[in-house]
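What follows is a set of notes on a single structure, which appears directly below.
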Amino acid sequence: MSGAPHLRATLATIGTLLGGLFAFVPFLPRLARALVTGRSDREHMLLLMREGLATRPAAVPSDVPRGARVLLVAGEPSGDLHGADLAAALRRLDPGVRLEGLGGPRMAAAGVELIEDLVSDPVMGVIPVLRRLPFFFGLYRRLLLRLETETPDVVVGIDYPGLNLRLAGAARKRGIPFVDYIAPQVLAWAPWRARAMARTVARVVSILPFEEPIFRESGADVVFVGHPLFESLAQRTEDTAFRARLRAAVPEGGALVALLPGSRRAEVEANLPMQLGAAQMVLAHSPDTRFVVPLAAERLRPFVEAAVEKGPGGVVIAPPGTSDDAMAEADAAITVSGTATLHLVAHGTPAVVMYRVSAVNRLLAALLLVSPFIALPNLLSGREVLPEFLAGDGDEQRVANALLGVMPGGPSRGAALEALADIRARLHVTEVADRVAVCVLDAARRLLAWHRACRCEAADVRSEADDVRSRASRHLGRRTPCSIALVTETCHACFVHCSSSPPAACPTPPTHWRPGSSPCASRTDRDWLRRPCKRARS
């Protein structure tokens, strides 16, 4: 029945679409619960984050499996950059690896066979996504078909949680391990997502140390590898001429302040006017201060220019690609929360972190926000080392006062510089992409490794593995006790198999097997291929 995979992919895509339309439902009980437990939840999250401060990146093993087929999924420029570095590392470790997936020009240049380019023309915001809903519907259906007809050994989701968290569940149902690289920052608002990821993701590859205890508590297999940003920034070439021009525009004894409103149009329109308002108040106190707004992308120039025309004088708009040089040359900054704060950490530039929100969103944040801070440097320190604000109308004066405190001569500057240096020393590690590549290859070949460990006599190991996935899919479709998506009759000693007794010939029987009517009741083994099954749904 050749049309069966197409029909299943279409029905699964429709189900995913309907699930996305009702994605708000989990927030309703969370909102009710937050009225009672909000404070204790934040205190518990702070304890977990502080526990992760001493976490060090995993070592890079010397032996890695070979010949993997990897599907990479990225949908944003930052994901395209990290995906390209990962693709290069995979090729270094496994020259025979086959790479395909979604991404952008950087990943294509690194040797990834692109199914679709999602990066060159990114879609952001609710309305633009709804307008292109047929495109995303068809794209998701194509991905599901590829999982069934051209089955990869592993799927790697690089950020982009809107698609990847759904694709992880689809991959698991088909017996394909899913590795999540750069875990989504939904834990601050929706910690139940960590538990959902633990059920569907083979391994979470964390780039921030405080994420490891959070995911581990939820039952996920998590590995902290270090943040790739610091290594890549250390390798970049500085534009000394541009930095000299910026400094020459600052009067002697004055300061240069970078204004970083975000990389999306909605962020720029919401945050830049408030940042310029705070800049106007700083100028009244320190007339020799100058400001620079580096463009995240050329498409944002009209919106930045419109805002700057209404703001104070002495503001320079820098072209795209100069953000890091502007941050490195600046004496201080006003920035939105996000990755930009880590760039400032790498350059040792103190900043005020703000994000403009409406009164309603501020109320929701007070109820729902589990994270004690919004700025990554504060999360990485377990305390407020940079001033941060969920700002609303009229908060320009508070932002301006905080900025004066971290500018040269300000009372908070020394402590901020010391804290940034400490964070930079802890996060600046090397071989991050190699660590991630090892995690990916390990997940990709785990299935075949278990076959070899149990001395299977299959002539073609790969076809045997494909047969295992096929059997697993059928078992899942019948809702049998085995929901692990890895079942085989010829080598069930290698995998979870709900039988009345383990095979006598098995050299390494499943550690979680228990005799009796519910052999899958134990939840002590967290390994993905040997993760305990759920009880049968009668």
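As the structure is a prediction and not an experimental result, all values here were calculated from the model.
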Original post:
Between R91 (side chain) and L99 (backbone), is there a donor-acceptor pair under 3.5 Å?
Top reply: no
**OP:** Check whether any side-chain heavy atom of V353 lies under 4.5 Å from a side-chain heavy atom of F373, and answer yes or no.
**Re:** no
Original post:
Do L86 and L90 have side-chain heavy atoms sitting under 4.5 Å apart?
Top reply: yes
Subject >> Check against side chain to side chain contact (heavy atoms under 4.5 Å, CB included), T335 and L344 >> reply: CA-CA 9 Å; T335 180; L344 293 167; 3.6 Å; yes
Subject >> Atom pair NE2/CE of H82 and M107 - distance to nearest 0.5 Å >> reply: 12.0 Å
**OP:** Would you please test V205 and V156 for side chain to side chain contact (heavy atoms under 4.5 Å, CB included) and show each step?
**Re:** CA-CA 10 Å; V205 179; V156 184; over 6 Å; no
Original post:
To the nearest 0.5 Å, how far apart are CG in D221 and CZ in R203?
Top reply: 4.5 Å
Subject >> Ion pair D422/R426, N-O distance below 4.0 Å >> reply: yes
Original post:
Between CG of N378 and CZ of R383, what distance do you get to the nearest 0.5 Å?
Top reply: 9.0 Å
Original post:
What distance separates S263 OG from R299 CZ, expressed to the nearest 0.5 Å?
Top reply: 7.5 Å
Original post:
Is any side-chain heavy atom of V73 less than 4.5 Å from a side-chain heavy atom of L163?
Top reply: yes
Original post:
Any sub-3.5 Å donor-acceptor pair from D80's side-chain atoms to G103's backbone N or O?
Top reply: no
Original post:
If we only count heavy atoms from C-beta on, is the L295 to P319 side-chain gap below 4.5 Å?
Top reply: no
Subject >> Heavy-atom pair of closest approach, residues G262 and L300 >> reply: O-CD1, 4.3 Å
Original post:
Shortest non-hydrogen contact from D395 to L390?
Top reply: OD2-O, 4.3 Å
**OP:** Return yes if some donor-acceptor pair links the side-chain N/O of N271 with the main-chain N/O of R356 below 3.5 Å, else return no.
**Re:** yes
**OP:** Considering only NZ, NE, NH1 and NH2 on the basic side and carboxylate oxygens on the acidic side, decide whether R245 and E329 come within less than 4.0 Å.
**Re:** no
**OP:** For the residue pair L276 and K310, establish whether any side-chain heavy-atom pair is separated by less than 4.5 Å.
**Re:** no
**OP:** Please check if the side chain of Q280 supplies one atom and the backbone of G311 the other of a donor-acceptor pair under 3.5 Å.
**Re:** no
Original post:
For G83 and L72, which heavy atoms make the closest approach, and how far apart are they?
Top reply: O-CD1, 4.5 Å
Original post:
Taking C-beta and beyond as the side chain, do L114 and P105 meet within less than 4.5 Å on heavy atoms?
Top reply: no
Subject >> Derivation of the side chain to side chain contact (heavy atoms under 4.5 Å, CB included) call for L143 and I115 >> reply: CA-CA 9 Å; L143 287 175; I115 302 170; 4.2 Å; yes
Original post:
Is the shortest heavy-atom distance from the side chain of L229 to the side chain of V345 under 4.5 Å?
Top reply: no
**OP:** State whether the side chain of N164 and the backbone N or O of G157 hold a donor-acceptor pair below 3.5 Å, judged by distance alone.
**Re:** no
Original post:
Within the side chain of E211, is there an N or O that forms a donor-acceptor pair under 3.5 Å with the backbone of S206?
Top reply: no
**OP:** Kindly say whether P377 contributes a backbone atom to a donor-acceptor pair with the side chain of S381 at under 3.5 angstrom?
**Re:** yes
Original post:
Is a donor on one side and an acceptor on the other found under 3.5 Å between the side chain of R413 and the backbone of L404?
Top reply: no
**OP:** For the pair H227 and F230, name the ring-plane relationship: parallel under 30°, tilted 30 to 60°, perpendicular over 60°.
**Re:** perpendicular
Subject >> Nearest heavy atoms of A198 and S218, plus distance in Å >> reply: CB-O, 3.4 Å
Subject >> Between CG on residue L386 and OG on residue S337, distance to nearest 0.5 Å >> reply: 12.0 Å
Original post:
Which heavy-atom pair separates A330 from T349 by the least distance, and what is that distance?
Top reply: O-CG2, 3.6 Å
Original post:
Going by atom types only, do Y355 and E267 share a side-chain donor-acceptor pair under 3.5 Å?
Top reply: yes
**OP:** Show your working on side chain to side chain contact (heavy atoms under 4.5 Å, CB included) between F389 and V352 and close with a plain yes or no.
**Re:** CA-CA 8 Å; F389 302 94; V352 176; 3.7 Å; yes
Original post:
Between the main-chain N or O of P251 and the side-chain N or O of D288, is there a donor-acceptor pair closer than 3.5 Å?
Top reply: no
Subject >> G338 backbone acceptor or donor facing T341 side chain under 3.5 Å >> reply: yes
Original post:
Do the non-hydrogen side-chain atoms of Q275 and M354 ever get within less than 4.5 Å of each other?
Top reply: yes
Original post:
Of all heavy-atom pairs between V204 and A183, which one has the smallest distance, and what is that distance?
Top reply: CG1-CB, 4.0 Å
Subject >> D331/R290 ion pair, N-O < 4.0 Å >> reply: no
Subject >> From NE2 (H285) to CE (M281), nearest 0.5 Å >> reply: 13.5 Å
